[in-house]
Asks: 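Once you've had a glance at the structure underneath, I'll fire off some questions.
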Amino acid sequence: MAWQGNSTATRKPLIGLEEDNKIATATKKVEVKHKNEEITDLRHSVSEHSNDSDSEQEELDSVIEYLSKLGDQCVAKPEPYEERKRRREQEMDGLKNALDILEGQAIGFLAIKSHTRRM
């Protein structure tokens, strides 16, 4: 028996298969279109978030820089030993001078006092 491609019995399953293929193709085209739109939206979103991240990083860097400057101004730093020693020596010299002056005045005061008593 020879194959007859135009027979109605053989065409019905093929027509159903063609319809199924057309529907599947149309569905997949719509899915691809939606996926491409989603990709575009996601790329746009990533770009916005990237820009936001960059500006936030710049702001954070400025705040950190400002904080480090404030830290330098506000944090008490220990005075070097040489500086403390120099200040103490100056203070002691000043106190010795004051003591010498006071002793001289006391001697002068005693001399004046004793001088006035003799009169």
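Count residues from 1 along the sequence. Since we're looking at a predicted model, the values are computed, not measured.
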Asks: Check whether any side-chain heavy atom of E103 lies under 4.5 Å from a side-chain heavy atom of D100, and answer yes or no.
Replies: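 In short, these two side chains touch, coming nearer than 4.5 Å.
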
Asks: Rest of the hydrophobic cluster containing I64 (Ile/Leu/Val/Met/Phe/Trp/Tyr, side-chain heavy atoms under 4.5 Å)?
Replies: L60

Asks: Checking E58 now: which residues fulfil side chain to side chain donor-acceptor pair (under 3.5 Å) with it, not counting sequence neighbours?
Replies: none

Asks: Closer than 4.0 angstrom, basic N to acidic O: yes or no for R86 and E83?
Replies: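 Salt bridge flag = yes for E83 with R86.
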
Asks: Find the distance between NE2 (H44) and CD (E48) and round it off to the nearest 0.5 Å.
Replies: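 H44 NE2 to E48 CD: 3.5 Å, rounded to 0.5 Å.
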
Asks: Could you list the residues that satisfy side chain to side chain contact (heavy atoms under 4.5 Å, CB included) with I23, not counting sequence neighbours?
Replies: T27

Asks: Taking only residues two or more places apart in sequence, or in another chain, which ones meet N21 in a side chain to side chain contact (heavy atoms under 4.5 Å, CB included)?
Replies: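 N21 satisfies side chain to side chain contact (heavy atoms under 4.5 Å, CB included) with L17 once adjacent residues are dropped.
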
Asks: Taking the side chain as C-beta and beyond, is there a heavy-atom pair between K29 and K33 under 4.5 Å?
Replies: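 K29 vs K33: side chains apart.
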
Asks: Treating T40 as the side-chain partner and N36 as the backbone partner, does any N or O pair qualify as donor plus acceptor under 3.5 Å?
Replies: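 Checking the backbone N and O of N36 against the side chain of T40, a donor-acceptor pair under 3.5 Å is found.
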
Asks: Working to the nearest 0.5 Å, report the span between CD of E19 and NZ of K22.
Replies: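 Rounded to the nearest 0.5 Å, the CD-NZ separation comes to 5.5 Å.
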
Asks: If we check side-chain contact (heavy atoms from CB on, under 4.5 Å) with K85, which of these qualifies: E89, R87, E82?
Replies: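 Among E89, R87, E82, the one that satisfies the side-chain contact (heavy atoms from CB on, under 4.5 Å) with K85 is E89.
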
Asks: Hey, are the side chains of S50 and D54 touching, using non-hydrogen atoms and a 4.5 Å cut-off?
Replies: yes

Asks: Rounded to the nearest 0.5 Å, how far does CD of Q57 lie from OG of S62?
Replies: 9.5 Å

Asks: Please determine, by modelled atom types, if E38 and H34 share a side-chain donor-acceptor pair under 3.5 angstrom.
Replies: no

Asks: Given a cutoff of under 4.5 Å between side-chain heavy atoms of I, L, V, M, F, W and Y, with clusters grown through shared members, what are the other residues clustered with Y66?
Replies: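 Y66 shares its hydrophobic cluster with L70.
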
Asks: Counting only heavy atoms not in E59 (residues, nucleotides, ligands), do more than 12 fall under 6.0 Å from its CD?
Replies: no

Asks: Who passes side chain to side chain contact (heavy atoms under 4.5 Å, CB included) against E65, sequence neighbours left out?
Replies: K69

Asks: Would you find more than 12 non-hydrogen atoms of other residues, nucleotides or ligands less than 6.0 Å from E91 atom CD?
Replies: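 No, CD of E91 has 12 or fewer neighbouring heavy atoms, counting only those of other groups under 6.0 Å.
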
